[in-house]
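Contents: one structure, followed by commentary.
Chain naming here is simple, since letters A, B, ... match the order of the sequence lines and numbering starts at 1 in each. Since the structure is predicted, the reported quantities are computational estimates derived from the model, not experimental observations.
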Amino acid sequence: MKRLSRFVLSLLLCFATIGAGVSHAAENVTVNGSTTVLPVAQASAEAFMKMNPGVNISISGGGSGNGIKALIDKSTDIANASRFIKDSEVKQAIEKGVYPVPHRIAIDCIVPIVHPSNPISGLSIEQMSLIYQGKIANWKEVGGPNMTIVVVSRDTSSGTYEIWEERILHKQKVTPKAQLQASNGAVNQTVSKNKYAIGYIGLGYLNSEVKGLKVNGIEASADTALSGVYPIARPLFMFTNGWPSGLTAKYINFIVSPKGQEIMKDEGFVPIY
Amino acid sequence: MKLRYIKQSAFFFVVRLSAAVIGASIAGFVIYLAVKGAGVISWSFLTEHPRDMMTKGGIMPAILGTFYLTLGAVVIALPMGIVSAIYLSEYAKQGPIIRIIRIGVNCLAGVPSIIFGLFGLSLFVVFLGFGSCILSGSLTLGFLILPTIIGASEEALKSVPQTFREASLALGVSKWQTIYRIVLPNALPGILTGSILGIGRAAGETAPIMFTSAAFFTGKLPQSIFDEVMALPYHIYVLATAGTRIEQTRPIQFGTILVLMALVLGIDLIAIVIRSRFRRKKRW
Amino acid sequence: MTRTTKELAIKRLFLFFALLSLFILGIIIIFLFYEGLPIFQAISPLDFLFGVEWYPTYDPPNFGIGALIIGSFVVTVFSTIIAVPLGVLSAVYIAEIAPLFVKELFKPVIELLAGLPSVVLGFFGMAILAPWLQETFDLPTGLNILNASIMLAFMAVPTICSISEDALYSVPKEFKEASYALGATKYETIARVTMPAALSGITTAVILGMARAIGETMVVLMVAGGATAVPESIFDSVRPMPASIAAEMAEAPFRSQHYHALFATGIVLFLLSLGFNLVADYISNRFKEVGSATL
């Protein structure tokens, strides 16, 4: 019995020691939010930490809503968002004494994708709208082979979906048969394994395993997104509580610096300038 | 007469077949994942931070994070669980109170893990304002494994023969001293088994820590219980579904799975071995 | 402090800790309802439960979780269909047929399966079983009801097997001996005496197995495909309740209608698994009263 109590005691002590660390925590920035922004946030954090040893940036990718929620709770320093903050969220934030400040960090192009074996190379917005509403259910209706279309979409609460709903679906409802995936990576993964599928992802997630489609004959690229020709592009944001200061400011400054924007480009996003 | 025996053989065949299907699929499953993961495991995989968008480097922060979360859960659940079990087995008399408590424990054991996640989110993260951190995750996991520990401890206490207690009480020893000096030491291996099984469960759970403590990536190791941590199960989940480079991180996913499986199954195996040795040693 | 007061104090203290489990259950319920009930200001409970349109982010939104409930039930039922024969027959094998050394080996293996983290099963279903199913049967998607049911069956088998085995094991020896004495074969004894005598235990096992399947999150999140439509075949994708909560909670704006709706979905899921557990508890309690003396 003694041994047991000693064991429990030592466990408690062990835990208390971890807890004691709270008083002398090193410089720390927490980032939370959109899965779209995740890759750039991580890549820039890795570079930033290499340049500034001793600082710690921790990143979670719960989604845009989650990030802003954490900002309102003051449990994160930076909230990544692939959409602008909503009125209801601003209201909640003000109630809690939090003043969200947006920082535009990059532009994201959303690209429709299909399996590489699919002969289709482009679709019009109208066609995609009908496909996503479930009104076109076979590839032959849009000039492809005679096979069913499997619609892959993002969760209806994600920022990426919101843009898709606005620009492609024009507020129509997506077919309930659509497979809803939790992230860009998952959509890419699903489409790369499924010759019937159509999905959409951020330009940063496009790789050789899937085929990007032209939209209304325009190819998604940095140039077309920057010039506004490409129809499905959106800015990505980082939100802070008030104007950032200290390490948070340093990190955001790094991201919008030429070096940080270079990272954006490497990760497949479009730099803001 | 003959038909009866044909029937019997047919039945035994089906029974053996289903046992074989179960055995073979478990073995195949574990071996497949182990072989896939084995190539990735190396010293640096276990001791390094992830690098280059998780495609290189190791999973050390996730291992450590799982260790902290599990340790915290045990520290919270073990004392509560053992004391509850002592009450249920030693003090409580049959009656409505104990009946209700027991139903409560059973129901708590049956609460889906995602509900624990929601509960942890609303109580610890939001209402108490801990935020997403080790403390919130440990509390959530601690509550999750509490019924496991209560159940195992109660069973262990009950297996101590009544005569031990009677002998002690007959010597004029008080009830609490009897429990502390006689019953608990004899039940210790059983209690240990239960807590180890609880540890295994806590280490492998994903849903309860998703909203309460898990981070996708942390540059440094956690410095206090109010920091977010990476954790093995969550790491597997995010790499397999949310990363940018799902295919490139595939080897890391398999490696992480092997580490998690080895950890959890190893912990469970220890519990099973302790229990069987204890059962064999028992002479009463 | 006298000895008796000390003893009493200890007893009270222990009672307090024993009541903590109930207390935790209580606050889980309170917080679920506290965060979930506000949704019913926007939608009636009936529309919420039976509406099949789940468009939580539209303007105006639809919060009908009918399709999600159906999704949960469908995967639970199919996984039960797969897991019950395998689990119960394996239990029969362990309890009645297996030689001792196989029994000693097999039981821990089943327990280890119970301890396998669900995310590992989900990963297996997603990365290995899904592409295989898709190619073999030329399906539009491998992330479907069948796949999720198979992986969930893996989770339910250990529960069903070990509880059934306990029930079979605890059937009094006299029953079997009496049966053999009457000239019954081993099969007849198992089928007509042991199994019926253990039936309530086996039923408990099946219900608890179903409870485990309906509440499991990671497997259905990763494997079920996530479509909110009411499924038409077992090759369709579904979105069971736990998957919906896990996938959307992160994205839902804090304390928005969507957030409350997800908590309300949690209430439904909680009540369902509570129901399963109470039924199992009731059955196993009645079963306890049936010993060799009462028959």
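In terms of heavy-atom pairs under 4.5 angstrom with chain B, the leader among C:I94, C:L112, C:I190 is C:L112. Counting heavy-atom pairs closer than 4.5 Å to chain B, the top residue among C:M241, C:E35, C:K186 is C:K186. Here B:S18 is the residue among B:A92, B:G104, B:S18 with the most heavy-atom pairs under 4.5 Å with chain C. Chain B forms the most heavy-atom pairs under 4.5 Å with one residue out of C:L269, C:V92, C:I28, C:V102, and that residue is C:I28. Options C:M218, C:K107, C:E96 differ in how many heavy-atom pairs under 4.5 Å they form with chain B, and the most are formed by C:M218. In terms of heavy-atom pairs under 4.5 angstrom with chain C, the leader among B:V111, B:I100, B:I257, B:L123 is B:L123. Among B:V264, B:L118, B:L146, the residue making the largest number of heavy-atom pairs under 4.5 Å with chain C is B:L118. In terms of heavy-atom pairs under 4.5 Å with chain B, the best-connected choice from C:L19, C:L116, C:L105, C:L274 is C:L116. When B:L265, B:I267, B:T256, B:D268 are compared by the number of non-hydrogen pairs under 4.5 Å with chain C, B:L265 comes out ahead. Of the listed residues C:Y187, C:F124, C:Y34, C:F270, the one with more heavy-atom pairs under 4.5 angstrom with chain B than any other is C:Y187. For the set B:A207, B:S84, B:A271, B:G120, the entry with the most heavy-atom pairs within less than 4.5 Å of chain C is B:S84.
Under the 6.0 Å cut-off for aromatic ring centres, C:Y93 and B:F12 do not qualify, their centroids lying 6.0 Å or more apart. A distance of 6.0 Å or more separates the ring centres of B:Y237 and C:F123. Taking the six-membered ring wherever Trp is involved, the centroid distance between the rings of C:F17 and B:Y87 does not fall below 6.0 Å. The aromatic ring centres of B:F127 and C:F31 sit less than 6.0 Å apart.
B:I101 and C:A18 make their closest contact through CG2-O, 3.7 Å (heavy atoms, listed as atom of the first residue, atom of the second, distance). Between B:I114 and C:G215, the shortest heavy-atom distance links the atoms CG2-O, 4.5 Å. C:M222 approaches B:A240 most closely through the heavy-atom pair CE-CB, 4.2 Å.
In this structure, C:I97 and B:V15 have side chains that are in contact, with non-hydrogen atoms separated by less than 4.5 Å. Side-chain contact between B:C107 and C:L278: present, with at least one pair of heavy atoms (C-beta onward) separated by less than 4.5 Å. Side-chain contact between B:F29 and C:L121 is present, with heavy atoms from C-beta onward closer than 4.5 Å. Side-chain contact between B:P112 and C:I214 is absent, with no heavy atoms from C-beta onward closer than 4.5 Å. A heavy-atom distance below 4.5 Å is not found between the side chains of B:H235 and C:V119. Under the 4.5 Å side-chain criterion, counting only non-hydrogen atoms from C-beta, B:P233 is not in contact with C:P117. B:S25 places a side-chain heavy atom less than 4.5 Å from the side chain of C:F154. Residues B:Y32 and C:I128 have side chains in contact (heavy-atom distance under 4.5 Å, counting atoms from C-beta outward).
In this structure, no portion of C:R12 lies under 4.5 Å from any heavy atom of chain B. At a 4.5 Å heavy-atom cutoff, the contact between C:E104 and chain B is made by side-chain atoms alone. For chain B, the nearby part of C:L20 is the side chain; its heavy atoms alone come within less than 4.5 Å. Contact annotation for C:F16: neither backbone nor side-chain heavy atoms come within less than 4.5 Å of a heavy atom of chain B. Heavy-atom distances place no part of B:R201 under 4.5 Å from chain C, backbone and side chain included. C:L113 touches chain B through its side chain: at least one heavy atom from C-beta onward sits under 4.5 Å away, while N, CA, C and O do not. Neither the backbone nor the side chain of C:L208 comes within contact range of chain B, judged by heavy atoms closer than 4.5 Å. For B:V126, the part lying under 4.5 angstrom from a heavy atom of chain C is the side chain only. With a 4.5 Å cut-off on non-hydrogen atoms, B:M261 touches chain C through its side chain but not through its backbone. For C:A127, the parts sitting under 4.5 Å from any heavy atom of chain B are the backbone and the side chain alike. Both the backbone and the side chain of C:L15 come within less than 4.5 Å of a heavy atom of chain B. With a threshold of 4.5 angstrom between heavy atoms, C:V157 approaches chain B through side-chain atoms but not through N, CA, C or O. For B:V21, the part lying under 4.5 angstrom from a heavy atom of chain C is the side chain only. Using a 4.5 Å cut-off between heavy atoms, C:I27 contacts chain B through both its backbone and its side chain. B:I150 touches chain C through its side chain: at least one heavy atom from C-beta onward sits under 4.5 Å away, while N, CA, C and O do not.
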Could you give me the CA-CA distance, side-chain angles and deciding distance for C:N277 and B:N106, then say whether side chain to side chain donor-acceptor pair (under 3.5 Å) is met?
CA-CA 7 Å; C:N277 280 289; B:N106 283 346; over 6 Å; no
Does the side-chain contact (heavy atoms from CB on, under 4.5 Å) test come out yes or no for C:M126 and B:T241, once each step is laid out?
CA-CA 9 Å; C:M126 191 180 95; B:T241 62; 4.0 Å; yes
Apply side chain to side chain donor-acceptor pair (under 3.5 Å) to C:E7 and B:S174, showing your working.
CA-CA 8 Å; C:E7 285 290 310; B:S174 76; 3.1 Å; yes
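With hydrogens and angles disregarded, no donor-acceptor distance shorter than 3.5 Å links the side chain of B:Q8 to the backbone of C:T185.
For B:E90 and C:K11, the salt-bridge test fails: no basic side-chain N is under 4.0 Å from an acidic carboxylate O.
Interatomic distance, CD1 of C:I245 versus CG of B:L121, reported as 11.5 Å (0.5 Å rounding). Distance check, rounded to the nearest 0.5 Å: CG of C:L22 to CG of B:L108 gives 9.0 Å. To the nearest 0.5 Å, atoms CD1 (C:I10) and NZ (B:K175) are separated by 11.5 Å. Here the CZ-OG distance, from C:F14 to B:S89, works out to 10.5 Å after rounding to the nearest 0.5 Å. For the atom pair CD1 of C:I110 and CD1 of B:I26, the computed distance is 4.5 Å after rounding to the nearest 0.5 Å. The distance from atom OG of B:S113 to atom CD of C:E216, rounded to the nearest 0.5 Å, is 5.5 Å.
Within 6.0 Å of the CG atom in B:L128, the count of heavy atoms belonging to other residues, nucleotides or ligands exceeds 12. A 6.0 Å sphere centred on NZ of B:K7 holds no more than 12 heavy atoms belonging to other residues, nucleotides or ligands.
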